[in-house]
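Taking it in order: structure first as structure tokens, then the write-up.
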Amino acid sequence: MTFFFTVFLNNPVHKELVSCVGWTTADELYSCSEDHQILRWNLLTNETTLAVKLQVDIYPIDLHWFPKTVGGKKQAQAEVFVLTGTDGKFHLVSKTGRIEKSVEAHRGAVLAGRWNYDGTALITAGEDGQIKIWSKSGMLRSTLVQQGSSVYSVAWAPDSDKILYTLGKQLVIKPLQPSAKVLQWKAHDGVILKVDWNSVNDLILSGGEDCKYKVWDSYGHLLYCSASHDYPITSVAWAPDGELFAVGSFNTLRLCDKTGWSYALEKPNTGSIFNIAWSVDGTQVAGACGNGHVIFAHVIEQRWSWKNFEIILTKRRTMQVRNVQNDAVDVLEFRDRVIKASLSFGHLVVTTSLQCYVYSAKNWNTPLIFDLKEGTVSLILQAERHFLLVDGAGIYLFSYEGRLISAPKFPGMRTDILNAQTVSLSNDTIAIRDKADEKVIFLIDALSGKPLGDGKPLVHKMEVMEVALDQCGIPNERKIALIDKNRDLYLTCVRRFGREPPINKIGTMVHSMAWNDTANILCGIQDNHFTVWCYPNTEFVDKDLLPKTMCMKDASEFSRNPQVLNYVGNQVAIRRADGSLVYSCVSPYPAILHEYVTASRWDDALRLCRFAKDQTLWACLAAMAIASKELTTAEIAYAAIGEIDKVQYINSIKELPSKESSLAYMMLFSGNVQEAEGILLQAGLIYQAIQVHINLYNWDRALELAVKYKTHVDTVLAYRQKYLEDFAKKETNKRFLQYSEGVEVDWEKIQAKIDMEIAKEREKAASSSAVRSSMSSHR
Amino acid sequence: AARPPIMAKDSLAEAGLHFDELNKLRVLEPEVAQKTTELKEECRDFVEKIGQFQKIVGGLIELVDELAKEAETEKMKAIGARNLLKSVAKQREAQQQQLQALIAEKKMQLERYRIEYEALSKVEAEQNEFIDQFILQK
């Protein structure tokens, strides 16, 4: 990506240094200078007009516009901005340039003034080392901080409940609640001049006189530290979507990725850039220059690639599509500036300030175009059948034909902070991590936009950092993978039937993950290994087999902290921490195996495994066969990976008298005792249910069942007695002591009873299958 | 009028009155008067000469002043040029620094592309190997 510049050198530029800039819309900017003027720049007409002529004693330092939209609702209040000055006052100035109110705030200069995200409070920081909170109308609420040195910069936390400020070389995060813990750390070797905190990715940016800029997470962990520059870093600013940030220094403007590495560097002749502001749509940057200029830059040359297509945003309104297979080039022209784009699943979705364009990879000539209600789309997510647009007001699901499918809503909805890590889309489900409580994941039916099932969200025991839904298979087997704060990877079912589905841990130290687009294969960076979970569902089928279904590869070539970008076909694209893209190939066999199994082509699946001679593949097949209750295949597959005990168990299942009990024993195989019991009881197979618990040494439950159904109490007691004798133990369980009184254990009688039960079951099964077969023959 | 008698002459001289050749009555002795006149003439000459001298010297001073001024401006020019030279050196240095920074940036980008290329080459090799194996096994 690069910057494209337009420096305004024509008439009225400021005569003194420009101290601050602020956007009102995507095309209008206000700039303040020490020549006591506030200029209004209209980028559409290229006109610059004088907005305010300030009194000669006001030297502006900082400017911040009142937030425009709050939680999707447009603000009713007239557009105002706060202007802080060297005279110790801040001024509320309306868009027309009228100073509505001037408030004496600090001794010495007011160095920063920031509105919080919902516009209910204003914070000012002064040369006198104080930080004060003011109401919307400029009434003093409290003095939050008093310290010995000047506060050069402040920023609000994403949910406006904390502030970040500078204390010399240190950064401090202070919650507004007086009792809450303050986080303070040494961040730079020189005085820190500017900080910014992004609401979407929750990352902190700082720059200082040690000529470095750094990226931190909200716990104060260093994520990136730049090399030393030639001059102090005078400004830093996050793009609204949190994917990019800009850094300003003397004659320097830099565009960086959120992980810190730099996309582009420009050396315009500007003097120091004291302030940087991103336009609301995140496509333009304005900088306040020390030599009186205001510099404008556009971000272009973004790239998207999918399979054999590579797309570059060559100009603000032009994209170039290259098909690398035949070098065919198509040029896409747009009426307005391109704001967001996404290329996946054979479709390109592009949003401009007014419209949405949907292209099919098969035809670049005739896009489908529809108008957007709210201008700036902040996130586009794609699935095979539809795509999701997120803007300031809501979430909208569209089909690739441009039809609005649904507009999901969830409690406490704030769409401006959603990003690709916290939202996931599949063909039938949308998963959204809650912001207020990060342990909660809202699951929404994509087609109706209503919450799934009983409407209760998924609650994890830890804060969830990343969610991802698998893309294939039937809706009822939809799985969600989530990474929590401890970097553990969990897998669970999205749709629940009756009881709460288990949330099982399948990996630790997982930094990044992605599902394959054509099969339910998961890949991720686990510690220093690149891991592919070829059949994650194994976790719910045969837990012990999971490690055997995983492929591990050393990830040292990806260096520290790589990010998985996507997993398309057999290729995984990974972004290293230094910004370089690397690719890793995954064997094509698991995907083919998935395809065969989905189509129930078990013979082909077996042939594939025999051909590939791969243990992982066999393990996957074994788990898939068990999941589909395909015992013959499972037996062969387990034999191939040498799990003889399981082969034997499967054989024993085959010999079971009835369908229900074999089903129950399959459940037992996967460790679902409760479900197995349920199946047996429902089928009236009380004895089998009791026997299951006896086999599991689940004595209490066995006795409970026996007593409840008034049968086989003696069987349970007999087995218990045998068990105790074998282990030379004495009976201590009160219930058993109570029931064993007066019950004579007669093994012969018990055996006869058991034989009778099994014979009965077999008879019943035979008759029911006869009925079934006669019914099917009737059809 | 007739010539005054000699006697009268002496008595006149006693009274401080004299006659000159033109027999005009004088208060000064004729010689003194002549000398005075000569002195006066000489004085006038002197004044004239001094005046001329002053004029010449004035011209000279003016000339020298002008020269000095010119020398001063030339000197300033020289200093300016020297400073400019120095600042050009500095400017070049700054430019060089800027270009260095840009080069470093490009180098980093190149390194990224190199890594990407290497990764892709590896993928290609892997794929070829896979194809070969696949054909062999068949």
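Hydrogens, waters and symmetry mates are skipped; everything else that's a heavy atom, side chains included, is used. Proteins come first, then strands; the chains are lettered A, B, ... in the order of their sequence lines, and each starts at number 1.
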Original post:
Considering only heavy atoms, which portion of B:Tyr117 lies under 4.5 Å from any heavy atom of chain A: side chain, backbone, both, or neither?
Top reply: neither
Subject >> Greatest number of heavy atom pairs closer than 4.5 Å to chain B - which of A:Ala612, A:Ser587, A:Ser584, A:Gly579 >> reply: A:Gly579
Original post:
How close do A:Tyr263 and B:Gln109 get, heavy atom to heavy atom, and via which atoms?
Top reply: O-OE1, 4.5 Å
Subject >> Check: A:Ser580/B:Glu111 side-chain N/O donor and acceptor closer than 3.5 Å >> reply: no
**OP:** Please indicate whether B:Glu31 has more than 12 foreign heavy atoms, meaning atoms of other residues, nucleotides or ligands, lying under 6.0 Å from its CD.
**Re:** no
Subject >> Contact origin within A:Tyr231 toward chain B - heavy atom pairs under 4.5 Å >> reply: side chain
Subject >> Residue B:Gln98 versus chain A: region with a heavy atom under 4.5 Å >> reply: both
Subject >> Under 4.5 Å from any heavy atom of chain A - which part of B:Ala101 >> reply: both
Original post:
Near B:Arg114 CZ, under 6.0 Å, is it more than 12 heavy atoms from other residues, nucleotides or ligands?
Top reply: yes
Original post:
Does a side-chain heavy-atom distance below 4.5 Å link B:Glu116 with A:Tyr583?
Top reply: yes
Original post:
Looking at B:Phe134 versus A:Tyr589, is the centre-to-centre ring distance below 6.0 Å?
Top reply: no
**OP:** Using a 4.5 Å cut-off on heavy atoms from C-beta on, say whether the side chain of A:Arg576 contacts that of B:Arg112.
**Re:** no
Original post:
Do you know which of A:Asn570, A:Thr252, A:Asp578, A:Ile574 has the most heavy-atom pairs under 4.5 Å to chain B?
Top reply: A:Asp578
Original post:
Is it the case that more than 12 heavy atoms not belonging to B:Glu38 sit under 6.0 Å from its CD atom?
Top reply: yes
Original post:
In terms of heavy-atom contacts, does NZ of B:Lys122 have more than 12 from other residues, nucleotides or ligands at under 6.0 Å?
Top reply: no
**OP:** Could you look at B:Glu118 and say if it's the side chain, the backbone, both or neither that has a heavy atom under 4.5 Å from chain A?
**Re:** neither
